[in-house]
> 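This is the structure, below, for whatever I ask next.
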Amino acid sequence: MKRDFIVKSEEEMMERAKVFLKEALLDAEAEKSLIFCLTGELGAGKTYFTKGLASALGITDIRSPTFVLMKKFVIKNNGTLGKKYFYHIDCYRVQALADAKHIGLDKMLEDSRAIFAIEWAERIQAVIPRPYWKVKFR
């Protein structure tokens with residue numbers, strides 16, 4: 001299902017992400033990871049969307065992990081189908097699919113206890129297990 005939204009501020013983007021997470025959790029499978037594949041140009045809002053997801057999970061202090069590639073957080077609230085971890089992954093610097101496999105992203109994405117927000121997900125699309133939510137920013 002495709003839906004389009006127009007947001008006019010960073011705060012509105014974060015609020016949209018919170019609503020989106022609630023909807024995604026209704027369709028999520030407890031035995032599978034919940035993955036958000038975020039695509040779009042630099043500065044389009046991917047990190048603010050991720051901040052909104054994290055905020056809904058009780059997590060603060062989200063910054064783009066471009067240089068460290070990934071940050072792992074413990075989910076602080078309930079109502080997430082037993083999901084215990086939130087991963088914020090930024091694949092901007094991933095040059096080849098082999099890089100993602102080399103650091104174990106393909107295996108990590110199968111963790112049923114986790115929710116993932118992957119910026120620049122198109123760079124590792126081949127290793128992302130289904131189902132996942134694709135969110136395109138323009």
Side-chain angles (χ1 to χ4, degrees):
M1 170 183 11
K2 181 180 176 183
R3 291 185 274 171
D4 292 320
F5 300 97
I6 297 173
V7 296
K8 298 178 180 172
S9 69
E10 296 159 351
E11 293 78 17
E12 197 174 331
M13 178 68 79
M14 292 173 61
E15 289 305 314
R16 171 53 43 200
K18 291 175 185 179
V19 171
F20 196 85
L21 176 63
K22 286 179 187 177
E23 293 174 7
L25 283 168
L26 293 175
D27 288 337
E29 301 175 41
E31 66 280 355
K32 294 190 177 190
S33 54
L34 178 57
I35 303 171
F36 297 95
C37 296
L38 312 178
T39 65
E41 295 301 317
L42 196 63
K46 297 179 295 294
T47 300
Y48 279 100
F49 187 86
T50 301
K51 285 181 179 188
L53 295 175
S55 177
L57 298 169
I59 300 165
T60 58
D61 196 31
I62 294 288
R63 288 180 236 144
S64 185
T66 302
F67 297 102
V68 295
L69 184 65
M70 171 183 52
K71 291 186 181 176
K72 177 181 177 182
F73 302 90
V74 175
I75 294 173
K76 297 180 178 9
N77 65 3
N78 297 325
T80 57
L81 293 177
K83 307 298 185 206
K84 298 180 180 192
Y85 305 105
F86 177 72
Y87 289 88
H88 181 194
I89 301 171
D90 187 328
C91 294
Y92 183 76
R93 294 180 47 221
V94 175
Q95 298 299 314
L97 193 56
D99 296 339
K101 288 183 177 182
H102 179 71
I103 62 172
L105 274 181
D106 52 336
K107 302 293 183 217
M108 184 183 313
L109 291 169
E110 296 176 3
D111 185 352
S112 64
R113 303 167 303 157
I115 297 173
F116 296 89
I118 308 170
E119 296 188 41
W120 303 94
E122 66 274 15
R123 295 180 181 212
I124 63 164
Q125 197 75 44
V127 300
I128 299 173
R130 292 188 180 269
Y132 57 79
W133 292 87
K134 185 175 181 180
V135 185
K136 184 175 182 177
F137 297 82
R138 292 184 273 155

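Worth saying up front: this structure is predicted, and the values here are computed from it rather than measured.
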> Do Ile115 and Leu53 have side chains that approach each other closer than 4.5 Å (heavy atoms only, starting at C-beta)?
no
> Mind listing the closest non-hydrogen atom pair of Leu69 and Cys91 along with its distance?
CD1-CA, 4.1 Å
> For atom OH of Tyr48, is the number of surrounding heavy atoms from other residues, nucleotides or ligands below 6.0 Å larger than 12?
no
> What is the minimum heavy-atom distance between Phe86 and Ile75, and which atoms define it?
N-CG1, 3.9 Å
> Do Leu25 and Leu21 come close enough that some side-chain heavy atom pair is under 4.5 Å?
yes
> Side-chain donor-acceptor pairs under 3.5 Å in residues 30-43, sequence neighbours left out?
from	atom 1	to	atom 2	distance (Å)
Ser33	OG	Leu109	O	2.6

> Starting at CG of Asp61, measure out to NZ of Lys51 and round the result to the nearest 0.5 Å.
9.0 Å
> Kindly write out the residues that satisfy side-chain contact (heavy atoms from CB on, under 4.5 Å) with Met108, not counting sequence neighbours, or none if the list is empty.
Met70, Tyr87, Leu105, Phe116
> Please tell me if the side chains of Asp27 and Trp133 come closer than 4.5 Å, counting only heavy atoms from C-beta onward.
yes
> Honestly, is Lys46 close enough over Phe49, meaning NZ or CZ under 6.0 Å from the six-membered ring centre and within 45° of the axis?
no
> Does Glu23 have any side-chain contact (heavy atoms from CB on, under 4.5 Å) partners at least two apart in sequence or in another chain, and if so, which?
Arg3, Val19
> Mind jotting down which residue pairs meet the side-chain hydrogen bond (donor to acceptor under 3.5 Å, both in side chains) criterion with at least one end in residues 103-117? Sequence neighbours excluded, please.
Asp111-Arg113
> Around atom CD1 of Ile6, are there more than 12 heavy atoms from other residues, nucleotides or ligands closer than 6.0 Å?
no
> Only pairs at least two apart or in different chains count here, so list each salt bridge (Lys or Arg N to Asp or Glu O under 4.0 Å) that has a residue in residues 120-136.
none
> Quick one: closest heavy-atom pair of Tyr92 and Gln95, and the distance?
O-NE2, 4.4 Å
> Please identify each residue that fulfils side-chain contact (heavy atoms from CB on, under 4.5 Å) with Ser9, with sequence neighbours left out.
Glu11, Glu12
> Consider only side-chain heavy atoms of I, L, V, M, F, W and Y, link residues closer than 4.5 Å, and tell whether Ile89 and Val74 are in one cluster.
yes
